[in-house]
2 protein chains.
Amino acid sequence: MTDERLPLYQRLRDDMLAKIASGEWSPGIAIPTEAELTKQYGVAVGTLRRAVDTLVQDGLMERSQGRGTFIRRPNFDGSLFRFFRQVDPQGGRRVPTGEVLSRSLESADETVAGALALPLGADVICLERVRQIDGRNVYYEDIWLPYRPFAALLDIAPEDFGNLLYPFYESECGQLIGAARETLTVEMADDRIANILGIESGKPVVVIERLATGYDGGPLEYRQSRGDAQTFRYQVNIS
Amino acid sequence: MTDERLPLYQRLRDDMLAKIASGEWSPGIAIPTEAELTKQYGVAVGTLRRAVDTLVQDGLMERSQGRGTFIRRPNFDGSLFRFFRQVDPQGGRRVPTGEVLSRSLESADETVAGALALPLGADVICLERVRQIDGRNVYYEDIWLPYRPFAALLDIAPEDFGNLLYPFYESECGQLIGAARETLTVEMADDRIANILGIESGKPVVVIERLATGYDGGPLEYRQSRGDAQTFRYQVNIS
DNA sequence: TAGTGGTCTAGACCACAAT
DNA sequence: TTGTGGTCTAGACCACTAA
């Protein structure tokens with residue numbers, strides 16, 4: 001199937017992941033039954049179930065006893081929603097809308113090249129984006145993507161980018177985000193950022209650097225988000 | 001064992017959880033082998049493994065092929081030490097010292113009572129604490145603990161509190177911290193905090209609220225830490 | 001009633017760690 | 001070499017859903 005050295009259930013997982021990414025298995029519809037799949041793959045039920053387990057765990061599939069196993073519909077607040085951890089005082093989560101302002105091809109500077117593990121000066125796709133709640137800008141984002149798997153994005157007009165980018169990466173470029181690391185710092189707003197966020201210049205701004213990686217651990221997206229520190233709230237579970 | 005209606009693997013999980021919470025299985029040491037446990041519980045390996053899987057998933061155990069399965073000692077300081085940029089020219093990791101300034105018995109206000117799930121006005125033990133690097137205060141902490149399991153702390157002089165509190169809770173009060181949730185916000189320093197942290201009044205300060213819970217999920221400690229936002233750095237892995 | 005996923009068993013063999 | 005966890009099999013029976 002794929003890499004011979006990997007455990008069977010991981011190869012099954014990869015194969016099913018590819019079926020999802022390629023559209024062979026569409027969101028919202030049921031995948032073949034366990035009996036069917038075990039026959040197709042020639043594996044035992046337990047092995048198949050283990051593979052499916054990991055995909056369910058990652059929010060890509062959903063089981064329903066007696067009905068079947070379904071591909072989860074992306075663009076919903078589903079698997080990718082967990083990446084946005086800002087919480088309002090009531091504890092409820094609000095998903096801001098996202099709007100891409102510009103899209104360009106640039107050369108990676110030291111920071112971006114380092115984050116994406118690319119040579120200095122490599123082609124990167126750069127997006128400028130604002131995220132809004134109630135029509136107010138809450139975040140300004142710079143997003144960098146390696147040219148190679150994301151070239152398709154250059155053919156898409158900024159206004160045609162979806163509200164959420166990760167389902168978009170998946171549907172347009174076949175790239176699935178599996179994990180991310182975020183680093184939070186605080187800086188003072190310069191005039192441009194202050195203007196975008198509607199705050200005074202010199203006021204504190206929270207910077208969220210995010211390096212998002214695929215299921216293989218390779219870096220896929222580097223992002224810097226800036227928001228008003230005064231209304232910022234970030235929640236993390238530690239164990 | 002516990003609730004008859006639950007699946008076997010969930011009852012196993014609950015039983016093992018209780019063993020951890022009660023201290024019968026201590027952090028850092030190996031639990032009995034799979035063969036031993038299946039004999040004790042009278043279940044198949046697969047069922048036991050599934051129960052252990054959930055505990056590993058939750059970060060309470062750690063498997064090591066060929067060696068055994070171990071109770072994980074959560075180390076919050078791993079993330080704590082990354083809270084602040086290292087000003088150390090050598091880039092070496094500095095461990096902040098912790099010093100308890102005061103210890104008192106107070107009545108829980110709305111915030112504290114809500115966090116610790118206590119009635120309003122319930123007795124709580126309150127600690128004031130500073131953490132230092134190179135003799136400089138890097139953050140100031142208010143810590144609240146429910147009276148009931150922590151009464152023993154009232155008999156200990158502030159200067160006799162250890163550098164780290166969680167091992168102290170364990171040794172003096174038999175309370176193990178299993179997990180925590182942190183919420184980050186930014187506020188402006190008032191005169192008192194500014195003075196303690198050695199920054200100007202009105203400058204931004206990062207507030208880290210932490211609710212630490214036992215292995216059973218019950219709240220054990222509520223803490224507010226405040227540090228200079230300008231040197232703040234907080235890193236999180238999301239998956 | 002037929003078909004689905006959910007739980008559970010009782011083994012087999014492998015990879016790794018300690019000795 | 002021995003014992004550990006890691007993977008995988010080939011079934012069994014149960015709970016739920018839909019026709």
Side-chain angles (χ1 to χ4, degrees), chain A residues 1-17 19-20 25-73 78 215-217, chain B residues 1-17 19-20 25-73:
Chain A
M1 203 163 311
T2 45
D3 192 338
E4 280 292 325
R5 302 162 308 173
L6 290 172
L8 233 190
Y9 74 93
Q10 279 187 31
R11 282 178 275 159
L12 290 188
R13 178 212 152 89
D14 289 346
D15 193 78
M16 291 191 280
L17 203 55
K19 281 190 162 69
I20 299 172
W25 286 354
S26 303
I29 68 161
I31 69 173
T33 69
E34 294 183 339
E36 178 68 25
L37 285 173
T38 52
K39 207 172 62 180
Q40 277 182 26
Y41 284 121
V43 299
V45 189
T47 305
L48 176 78
R49 288 186 67 81
R50 185 155 180 192
V52 173
D53 277 345
T54 69
L55 292 166
V56 169
Q57 192 82 39
D58 292 340
L60 285 141
M61 293 182 180
E62 216 165 14
R63 285 199 237 250
S64 179
Q65 182 173 138
R67 297 202 305 135
T69 301
F70 300 80
I71 307 297
R72 276 188 67 165
R73 181 170 296 286
Y215 283 107
D216 60 356
Chain B
M1 204 164 308
T2 44
D3 193 337
E4 280 293 325
R5 303 162 307 175
L6 290 171
L8 234 189
Y9 74 93
Q10 278 187 31
R11 282 180 275 160
L12 290 189
R13 179 211 150 90
D14 290 346
D15 193 79
M16 291 191 281
L17 202 56
K19 281 190 161 70
I20 299 172
W25 286 354
S26 304
I29 68 161
I31 69 172
T33 68
E34 294 183 340
E36 177 69 26
L37 285 172
T38 52
K39 208 172 61 180
Q40 277 182 25
Y41 284 120
V43 300
V45 189
T47 305
L48 177 78
R49 289 185 68 80
R50 184 154 180 194
V52 172
D53 278 345
T54 69
L55 292 166
V56 170
Q57 193 80 40
D58 292 344
L60 286 133
M61 294 182 180
E62 217 164 13
R63 286 199 236 249
S64 179
Q65 183 174 140
R67 297 203 303 134
T69 301
F70 299 80
I71 306 298
R72 224 184 120 217
R73 181 184 292 282

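Chain letters run A, B, ... following the sequence lines, proteins first and then strands; every chain starts at 1.
Rounding to whole angstrom units, CD of residue A:E36 and P of C:dG5 are separated by 11 Å. Taking atom CD of residue B:E34 and atom P of nucleotide D:dT4, one finds them 9 Å apart after rounding to whole Å. Put simply, CG on A:L12 is 12 Å from C1' on D:dT7, counting in whole angstrom units. Separating the CG atom of A:L55 from the P atom of C:dG5 is a distance of 14 Å, rounded to the nearest angstrom. The CG-C1' distance, from B:L8 to C:dT9, rounds to 11 Å in whole Å. Here D:dT9 presents its P atom at 15 Å from CZ of B:R49, a figure rounded to the nearest Å. Residue A:L48 contributes atom CG, which lies 13 Å from atom C1' of C:dT4 at whole-angstrom precision. The CD-P distance, from B:E62 to D:dG6, rounds to 11 Å in whole Å.
In this structure, CD in B:Q40 is found 10.0 Å from CG in B:L48, a value given to the nearest 0.5 Å. Atom CZ of residue A:R49 and atom OG1 of residue A:T47 lie 11.5 Å apart, to the nearest 0.5 angstrom. One finds the NZ atom of B:K19 at 12.0 Å from the CG atom of B:L55 (value rounded to the nearest 0.5 Å). Considering CD of A:Q10 and CG of A:L17, their distance stands at 12.0 Å, rounded to 0.5 Å. With rounding to the nearest 0.5 Å, the separation of OH in B:Y9 from OG1 in B:T54 is 8.0 Å. Distance check: B:M16 CE to B:L60 CG gives 10.5 Å after rounding to the nearest 0.5 Å.
B:T33 has no side-chain polar atom (N or O) that falls below the 4.0 Å cut-off from OP1 or OP2 of D:dG3. For the OP1/OP2 pair of C:dT7 and a distance below 4.0 Å, the side-chain nitrogens and oxygens of B:R50 include at least one atom meeting the criterion. Taking side-chain N and O atoms only, B:Y9 has no distance below 4.0 Å to OP1 or OP2 of C:dC8.
Listed candidates were C:dC8, D:dT9, C:dG5. Nearest to the side chain of A:T47 is D:dT9. When each of D:dA10, C:dC8, C:dA18 is scored by its nearest atom to the side-chain atoms of B:R67, the top-ranked nucleotide is C:dA18.
The residue among B:V45 and A:G68 whose nearest nucleotide of DNA chain C is located toward the 5' end is A:G68.
When every heavy atom of B:F70 is checked against every heavy atom of B:G28, the shortest pair comes out as CD2-O, 3.7 Å.
Between B:Y41 and B:D15, the closest side-chain pair of non-hydrogen atoms falls below 4.5 Å.
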Applying side-chain contact (heavy atoms from CB on, under 4.5 Å), run through B:I71 and B:M61 and close with a yes or a no. CA-CA 5 Å; B:I71 306 298; B:M61 294 182 180; 4.1 Å; yes
Below 3.5 Å is the cut-off: list the nitrogen or oxygen pairs between protein and nucleotides 13-15 of chain D, distance only.
from	atom 1	to	atom 2	distance (Å)
D:dA15	N3	A:Q65	OE1	2.9

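Each end of the helix from C:dT1-D:dA18 to C:dA18-D:dT1 gets its own axis, taken as the rotation carrying the C1' atoms of four end pairs onto the next four within a five-pair window, and the two axes meet at 10° to the nearest 10 degrees.
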